[in-house]
Amino acid sequence: MSASKPSVDAGPVRMSLSSRFENIEMAQHLCGKLLEGREVPEETKHWILMALREGLANAIKHGNSQNLEKRVHVEMRVEQDTLEIRIRDEGSGFDPERVSDPLAPENRLKTSGRGIFYMKTFMDDVRFDRYKGGGMEIVLTKSLNAGKE
Amino acid sequence: MSASKPSVDAGPVRMSLSSRFENIEMAQHLCGKLLEGREVPEETKHWILMALREGLANAIKHGNSQNLEKRVHVEMRVEQDTLEIRIRDEGSGFDPERVSDPLAPENRLKTSGRGIFYMKTFMDDVRFDRYKGGGMEIVLTKSLNAGKE
Amino acid sequence: MKTSVREVRGVSILDLKGKITIGSGDVQLRETINKLVEDGRKNILINMQEVTTIDSSGIGELVGCYTSVTNKGGKLKLLHLPPKISDVLTVTQLITVFDVYESESEAVASFAG
Amino acid sequence: MKTSVREVRGVSILDLKGKITIGSGDVQLRETINKLVEDGRKNILINMQEVTTIDSSGIGELVGCYTSVTNKGGKLKLLHLPPKISDVLTVTQLITVFDVYESESEAVASFAG
Ligand SMILES: Nc1ncnc2c1ncn2[C@@H]1O[C@H](COP(=O)(O)OP(=O)(O)O)[C@@H](O)[C@H]1O
Ligand SMILES: Nc1ncnc2c1ncn2[C@@H]1O[C@H](COP(=O)(O)OP(=O)(O)O)[C@@H](O)[C@H]1O
């Protein structure tokens, strides 16, 4: 039998991971499972997983500074055909307004600074919140039936 | 490239799910991912995932009574080649001493009562604890290099 | 789980496909068997070849089906048991409860006896 | 990520295989290119055909490699860019920075110019 069809929304799935880049794939794997059976085009799924990877990498690297004592918290849910992913770290947060534009000519050949841009490109919406008690929470959303790409 | 080899222990992975049987597969999927690249025999993996399924089914059914407001909490980790899975519900707990033996002749043809027995058969150890503040926590462990079966 | 029923020389063969697990295939199995029993079928052979997973609920339903068919004077037997499902039945000492066959024609013939 | 280097008519072709992502292929890519530059290689062609995934760190390293090769008076070009990686370079306006080829022989010949 193929995967059980998620006719009802399965409720939010939450997970937390220690701050290792190797763990990014676990969250991607779980997200892939959450999208299974939903007729999400392969293409859309690919870009969602890339955005998720960027968000997790930032949480691990910039948020938690790869401190293994700190964790990355992820919540994923599908409601009314919209995927929402929340990624929260235990770092000291940052001001998204002050992130430089990777398309500006002086930044075009920099070796970093594209992660947030990719998330914004591949998802419908990216929101940044400072989480009470420190840390940053980013909220990525993507409609699963109307593709952007 | 194949999966990144988990030469170091990746730290505990935690997840929580709402109390639907459909969610069992998500946790199984994540556990499969955690075991990936560790040279765990397919057979061993199969029985681990079955034990996990039984533990989750009990937490959803008996612990949380399928109440969608209640969640099931899972923690998985591999340390020194031993897998430890903790499954916690938000129910009122039970006394594992009082569970009847599915091999007793009078129970042999019952339509239920085999879940805990299967967990014990397929894992190296199954521990039951009442969690502070209600709910049951079961701890399943399995050595990944010495197979039982 | 997918189910389909064939009639072969007086035997209802139930081909199962997929998972017999809590909340998905378990109730469906019971309902399918109940319907066969209500229709007066006495010889039922469950073909397990394409069952990919079973759990304690699925096993419980299988036992429940066995009991209800037997109570009506019928026979319920199993065909093509995958090795892991056979293991699961064995450890709970159920394998001896069921008549298990590896060949469909032998299984069908056995009901005549 | 797996890397291997071939020499074809004065061009070092770097065949990459797998993921160029944070913490795995990214640093490895930089080190491989640095070694080629130290060895005096000026013509470098990266074959991306078997790269399965890239992220912003991988893209950053690719740009870093481009800059360091160019700064030493060398040339770094790309071969067989998978469509999704091409998209990722395009949206950050990097696709025009790189010379990209679909044919290995054409790519190799282009360095002679
Ligand atoms: N979770 C986070 N916590 C703190 N700072 C962050 C976080 N995510 C992003 N940043 C900041 O935003 C900058 C831009 O991030 P990004 O666009 O992903 O590029 P990069 O990670 O390559 O620097 C980072 O360099 C960092 O200063
Ligand atoms: N998490 C739990 N919370 C409360 N009761 C439980 C829990 N897990 C098991 N039980 C009790 O233990 C009994 C035996 O469980 P099990 O062996 O899995 O068989 P089954 O689930 O088929 O009844 C259950 O019927 C239930 O009363």
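Below, chains carry the letters A, B, ... as their sequence lines are ordered, and counting in each starts from 1.
A donor-acceptor contact shorter than 3.5 Å links the side chain of Arg71(B) to the backbone of Pro12(A).
Atom CE of Met15(A) and atom CE of Met26(B) lie 11.0 Å apart (nearest 0.5 Å). Here the CG atom belonging to Asn23(B) is positioned 10.5 Å from the NZ atom belonging to Lys33(A), to the nearest 0.5 angstrom. Here the CD-OG distance, from Glu75(B) to Ser16(A), works out to 8.0 Å after rounding to the nearest 0.5 Å.
Around the CD atom of Glu106(B), the shell of radius 6.0 Å holds more than 12 heavy atoms that belong to other residues, nucleotides or ligands.
Scanning for side chain to side chain contact (heavy atoms under 4.5 Å, CB included) contacts around Arg88(B) gives His73(B), Tyr131(B), Glu137(B), with sequence neighbours left out. The side chain to side chain contact (heavy atoms under 4.5 Å, CB included) check on Gln66(B) picks up Phe21(B), Ile60(B), with sequence neighbours excluded.
Heavy atoms only, all atoms of each residue included: Ser18(B) and Gly11(A) are closest at OG-CA, 3.6 Å.
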